[in-house]
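Here's the structure we're looking at; comments come further down.
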Amino acid sequence: MSQALDEIKIGGLGASRKRVEDNRFIRGKGTYLDDIVLPGMLHMEILRSPLAHARIRSIDTSKAWEIPGVRLVLTGEMLASRNLAWMPTLSYDTQAVLATDKVRFQGQEVAAVIADDPYIAKDACEAIVVDYEPLPVIVNPTQALAEDAPVIRDDKENQHDNVVFEWQVGDKEATDRAFEQADVISTLDLHYPRSHPSPIECCGSIADFNRATQKLTVYLTTQAPHIIRAAVALVAELPEHMIRIIAPDIGGGFGNKVPVYPGYVVSILASILLERPVKWIEDKTGNLISTGFGRDIYLHGEMALRKDGKILAVRMHTTSDHGAFYSDAQPSKFRIGLLHSAFSCYDIPVAYLHNRGVYTNKAPGGVAYRCSFRVTEAMYFQERMMHAAANDLGMDQAEFRRINLVRDDDFPHRTAFGFLTDSGQYVKCLDKALEAIGYEDFLKQKEEAKKQGRLLGIGISTMTEPLGAGNSREFDILGIKMFDSAELRVHITGRALLRTGAKTQGQGHETTWAQIVAHELGIPAEDVVVEEGDTDTAPFGMGTYASRSTPVAGAAVAMAARKVRAKARKLAAHLLEVSEEDLEWELGRFYVRSAPERGVSIQEAAAAAYSNMPDGLEPGLEAVAYYDPPNMTWPFAAYVVTVEVDPKTGVWDVLRVVAVDDCGVRINPMIVEGQIMGGLTEAFAKASMQYITFDAEGNCIGSNYMDYLLPTAWETPGFELHEVVTPSPHHPFGAKGVGECATVGGPAAFVNAVLDAIKDTGVRNIDMPLLPHRVYEALTERHDVSGAPPVRMD
Ligand code: CDP
């Protein structure tokens, strides 16, 4: 007689449970960094460079010191005297904390003032006089690679040019040989422009050094508290156990809150010097011009094709613009992140990718903006190249993809760049998307519309991406292996406290992690409270970015719950006076195999753990699990977009957007759909309107929300969502990551749709954003339109 609980009713896997964290967020009761006020707290403001490249002749801080309420004025020179003017980055480069010799990008940190209130600190910053000697400015790789280009990083001993690194992967010779066999070679040049994650909350910190206890507590807007603790230990030379990082509620991260920023470091130093809490929080312009940009990669792609549509090989030459300091956070083995995950969903025998990273006079770039270390660029290049190649072959876009997609029975499949994809139903997803959009009908409508002078277009983007770094064999940041963790403590009443090494920034972990516990133990999700972000209480983890939480921390939650269940089984056996082997498990209850009506609920077992344990069994019911995934999870998505372009203006309207996502088992379908809609909104923004660039002097154009546009509900099209479920073969409950899929795969679908609408012009590429004037230029002048000068790719 089964008494199993109804999993959906207790908020387990598959329940579209409302987000518990929204209870405080929608009431304005969240605790963000700027809400925290500590006794005796001082305020810090940073003086930033107005110039993109200049020698600092002198800095006069005397007027700032004279302002009442100013407690400390710090310059690079003062930090240098303590060997703290430079810090290591997460990619083994160095970055100036406060500039000493030169400034190398507009917005670089030059000095800091700590005062009684933020207004005094701001006024005092304005009283600092910096004498700059302007230097020639480099704003793109073409300039950076010119023979006579000034060396931006002349602070580095062996740096004689502006090349950060060269990196290659794949089989060059075999790829060259495959190109010799090609019937058609398709080529494409494009630029994925620089973009900014622009979370609504800016970056900030409150450092609180207590001289009496020698303990440093830092409240920090960070997606990765434990990595930051390691970095602070390195820079401030404090022992790790005396550093506590607390990430409170985070108002959006999107990769922007992974790096270590100079502001964090200076506030810590100031607190140590003044023995008072010091708060620093950026304003919006500071955030937009100086913190973690994403993308900014140039591609020259080539595809070797057989006439029947089979892809024989792919060659990619890429150049990435990292700004003045190489501070991307990415696994140290992969210098340009996972750019080589491109083409993973297609069966391509050989491929070769070469990347050259360059320094320019721009803020550091390359953060994994809602992206697994450059997979966004990878999938954009892939799907734009697929679009161009299908046109070159004169083939239907869907059919060309269908011919080359990896088949269901080909898994596990080794990609041309060496990844192992393990599961998926790629053609099924594509076909579902095509059916939903009414592909064949739309193609007919398009032809009819053409006769009336109307331009309709359809764009497809299909992709799989690696989500869930580790495994620890291949993935590390600064030598720290990439795994994650969970600690589950079940109280005497059967309620539970769960802590993980991840850190939610709006993804809803407080809701979904509890659902995993409900699924594994039958404890109702509402009885599980989730805490993240405090390094003194949470087990060590690598944090939340690259959609790794569900694949890694989520898996750790399940493993910790299973350990708890194993102990609860011993307690149940004791209570029922049978041996463990005689027990069966159903959701929330152990029962005797031969007498199913005799059972013990998980709550009864929990009570026994504290009040009636058998002799020799350790009291308590809790477990910690560290999870090192055997492989990445490989979600798949098919996005199809239809548009109409106005031939008189170049304005384009989205008609429909269909998304079919396969992220394996969905913990919370509503949250997954929210993630996909958010991702598609960002994809639409990138494709249509969002543009952050730099003028010839290195001034950041797009340093405010009047210029750098975030789409509102008004501009954003509706999205039609569908699902396919192919469980991950190795994840404990079959889930795959999903948070970034639509941001990664979406942009190409929009761009391909517009290019399809103007296909008759022969235009192969318009760089994002496809602003009306660019589309109009392409339409009327019939040439490709780029937002950046071409780059030498030799
Ligand atoms: O690392 P991040 O949280 O940004 O990304 P994720 O692991 O893809 O998860 C984003 C949100 O979607 C989390 O709340 C997950 O628990 C949820 N999710 C889900 O419900 N089912 C999945 N198969 C994947 C994610």
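Both ligands and their constituent atoms are indexed starting at 1 by order of listing.
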Can you produce the list of protein nitrogen or oxygen atoms under 3.5 Å from a nitrogen or oxygen of ligand 1, alongside each distance?
residue	atom	partner	partner atom	Å
ligand 1	1 (O)	R548	N	3.3
ligand 1	1 (O)	S549	N	3.0
ligand 1	1 (O)	S549	OG	2.6
ligand 1	3 (O)	H509	NE2	2.8
ligand 1	3 (O)	S549	OG	3.3
ligand 1	4 (O)	Q507	NE2	2.9
ligand 1	7 (O)	T550	N	2.8
ligand 1	7 (O)	T550	OG1	2.7
ligand 1	8 (O)	V738	N	2.7
ligand 1	8 (O)	G739	N	2.8
ligand 1	9 (O)	T550	OG1	3.4
ligand 1	14 (O)	Q507	O	2.7
ligand 1	14 (O)	T512	OG1	3.1
ligand 1	16 (O)	T512	OG1	2.8
ligand 1	16 (O)	T550	OG1	3.4
ligand 1	20 (O)	I667	N	3.3
ligand 1	20 (O)	N668	N	3.0
ligand 1	21 (N)	I667	N	3.0
ligand 1	23 (N)	C663	O	3.2
ligand 1	23 (N)	V665	O	2.8
ligand 1	23 (N)	K736	O	3.1

Answer yes or no: is there a side-chain heavy-atom contact under 4.5 Å between M379 and F381? no

Note, V367 side chain near F293 side chain (heavy atom, < 4.5 Å): no

Between H340 and F419, ring centroids under 6.0 Å: yes

Taking the six-membered ring for Trp, are Y219 and Y32 closer than 6.0 Å centroid to centroid?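 Between Y219 and Y32, the centre distance exceeds or equals 6.0 Å.
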
Please say whether more than 12 non-hydrogen atoms of neighbouring residues, nucleotides or ligands are located less than 6.0 Å from CD in E435.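 Open.
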
Could you check whether atom NZ of K18 has more than 12 heavy atoms from other residues, nucleotides or ligands sitting under 6.0 Å from it?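 Incorrect, the count does not exceed 12.
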
